[in-house]
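Numbering of ligands and ligand atoms starts at 1, following listing order. If you read the sequence from its start, that first residue is 1, and numbering goes on from there.
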Amino acid sequence: MDFNLPEDLRDIQATVRDFMLNVVEERAHEIEETNGVPPELLRQAAELGLFGLSIPEEYGGVGLGMLGRCAVYEAMGQGHMGFGGVISAHASIGTSGLVKLGNEEQKRRFLPQMASGECIAGFAITEPSSGSDAANIRTKAEKRGDVYVLNGTKHYISNAPIAGLLTVIAITDPGKGTRGMSAFLVEPQSTPGVSIGKIDEKMGQKGALSSEVIFQDAEIPAENLLGPENLGYREALGILTNGRVGIAARSTGAMQRLLDLSVDHAKTREQFGQPIAEFQAVQFMLAEMEVAIQTSRVLWQKVAWMVDQGQDVRRMASVAKYHATEMLSQVADKAVQVAGGMGYMKESPIERYYRDQRLLRIYEGTSEIQKVIIARSLLA
Ligand SMILES: Cc1cc2nc3c(=O)[nH]c(=O)nc-3n(C[C@H](O)[C@H](O)[C@H](O)COP(=O)(O)OP(=O)(O)OC[C@H]3O[C@@H](n4cnc5c(N)ncnc54)[C@H](O)[C@@H]3O)c2cc1C
């Protein structure tokens with residue numbers, strides 16, 4: 001076994017890490033204050049190819065496999081998590097349905113604009129009455145001639161306020177239960193009957209906007225049906241599976257940044273006449289962080305490799321997401337502790353990470369739902 005990432009991936013990783021640490025982090029204060037990402041940062045991200053990570057080269061993307069994408073996500077985790085959230089909601093769950101299920105005409109129509117960042121994407125399944133219980137969505141799509149008429153409300157949809165394209169999951173045949181679910185490509189900015197609700201006021205991940213998406217007799221052209229009609233819950237949810245591996249990689253990057261900040265602080269902060277790094281209590285916290293990082297990294301690398309081999313990763317993607325996001329919460333807590341009062345101050349990136357990371361245990365399936373998936377697969 002060779003645990004080294006190929007050299008080209010290490011180069012891409014280094015470029016993205018440099019962008020996150022030296023360009024995006026420089027504007028972190030502005031992102032926090034305005035709850036928005038400066039457009040020039042999005043342009044620079046597009047020039048680096050970040051919007052086209054998962055899009056094949058023939059449609060203008062970078063066409064990285066899962067290992068490559070996750071290597072980039074880990075590097076992205078080392079900078080502002082809200083900025084990373086915009087990119088990953090687009091490049092991961094916003095894009096993967098179209099790449100996997102789209103027909104040639106749909107791909108030619110949307111993917112080039114998505115790769116260039118002109119069209120930002122998102123994915124919408126969650127509704128006010130169905131979060132973890134995603135099989136129970138109520139948004140309906142009724143076929144009338146050459147359109148589907150959508151009615152219902154999605155909420156907490158990442159990127160919705162800025163999205164040019166959303167993959168929306170709706171019920172096409174209520175009589176078929178969870179098998180009566182279909183996916184649609186919806187252009188929220190130009191489709192009458194689709195409106196964006198109030199932007200959510202979140203604890204963290206500023207700049208990564210989410211909101212309600214409301215459908216009132218919204219007519220979606222039949223050619224925007226993604227995959228077969230009555231695609232089914234399992235296939236629709238399959239769009240999220242690879243996203244979970246990406247979240248594990250982002251979490252690993254975030255932990256690495258928190259450890260780096262903690263090591264620097266521990267070496268330079270003196271108490272009782274010596275650097276706090278001399279105290280075994282502090283050393284143990286650093287050691288525990290390192291264990292969390294190494295185990296999370298090996299896991300995402302293994303699962304990404306499995307995806308690239310064409311293996312079924314439903315269980316292992318949950319294992320990787322659950323482990324890395326739970327570890328990240330512990331690492332963030334330890335980073336605050338190592339930094340002392342400074343870790344609680346807005347001027348410290350540690351305070352921001354402490355808030356931002358909390359979301360990763362909730363979206364794309366809570367930690368409890370990951371355990372449900374793992375246990376069901378063991379018992380099947
Ligand atoms: C900022 C943000 C961005 C998001 N972005 C998107 C997006 O882009 N697209 C999208 O579709 N959705 C998105 N979501 C929705 C997200 O995926 C859901 O919030 C998540 O799946 C949990 O659903 P819920 O909030 O309704 O919580 P609930 O399902 O109500 O869960 C509440 C608690 O009950 C527990 N629970 C529920 N069922 C079980 C069970 N069977 N066993 C054990 N415990 C259980 C949960 O683990 C949790 O602890 C986003 C959410 C947030 C907060």
shortest atom 44 (N) of ligand 1-to-protein heavy-atom contact is with Glu368 CB, 3.5 Å
Determine whether the side chains of Ser96 and Asn242 contain a donor N or O and an acceptor N or O closer than 3.5 Å. no
Is it the case that the side chains of Arg358 and Gln205 hold a donor-acceptor pair, with the cut-off being a distance below 3.5 Å and no angle test? no
4.5 Å side-chain heavy-atom contact, Met20 and Glu25: no
What part of Lys154, side chain from CB on, backbone N/CA/C/O, both or neither, has a heavy atom under 4.0 Å from ligand 1? neither
Taking atom NZ of Lys107 as the centre, report whether more than 12 heavy atoms of other residues, nucleotides or ligands fall under 6.0 Å from it. yes
Give me the nearest non-hydrogen protein atom to atom 10 (C) of ligand 1 as residue plus atom name, then the distance to 0.1 Å. Thr126 OG1, 3.3 Å
Look at atom 4 (C) of ligand 1 and say which protein heavy atom is nearest, naming residue and atom and giving the distance to 0.1 Å. Tyr156 O, 2.9 Å
Flag: protein heavy atom within less than 4.0 Å of atom 20 (C) of ligand 1: yes
Quick one: do the Gln357 and Ser251 side chains pair a donor with an acceptor below 3.5 Å? no
Out of all atoms in ligand 1, which are within 4.0 Å of some heavy atom of Glu364? Include the element for each. 17 (O)
Out of Val372, Leu240, Ile169, whose heavy atom is nearest to atom 42 (N) of ligand 1? Val372
Examine the proximity of ligand 1 to Thr366 and report which part, side chain or backbone, both or neither, has a heavy atom under 4.0 Å away. side chain
What protein heavy atom sits nearest atom 2 (C) of ligand 1, and how far away is it? Leu359 CD1, 3.7 Å
For ligand 1, is there an N or O atom under 3.5 Å from any N or O atom of Ser130? no
Shortest protein contact, atom 9 (N) of ligand 1 (heavy atom only): Phe123 O, 2.8 Å
Decide whether Glu326 and Ser367 meet the rule of one side-chain donor and one side-chain acceptor closer than 3.5 Å. yes
Are Arg257 and Leu21 close enough that some pair of their side-chain heavy atoms sits under 4.5 Å apart? yes
Indicate whether atom 32 (C) of ligand 1 is within a distance of less than 4.0 angstrom of some protein heavy atom. no
re atom 41 (N) of ligand 1, the protein heavy-atom contact at minimum distance is Ile369 CD1, 4.0 Å
Looking only at protein heavy atoms, which one is nearest to atom 24 (P) of ligand 1, and how far off is it? Gly131 CA, 3.9 Å
Going by the atom numbers of ligand 1, which of them fall below 4.0 Å from some non-hydrogen atom of Ile157? 7 (C), 8 (O), 9 (N), 10 (C), 11 (O)
For atom 36 (N) of ligand 1, grab the closest protein heavy atom and report residue, atom and distance to one decimal in Å. Ser132 OG, 4.3 Å
Hydrogens and angles aside, do His80 and Glu32 bring a side-chain donor and acceptor to less than 3.5 Å of each other? yes
Between the side chains of Arg138 and Ser130, does any donor sit under 3.5 Å from an acceptor? no
Do Glu290 and Gln294 have side-chain N/O donor and acceptor atoms under 3.5 Å apart? yes
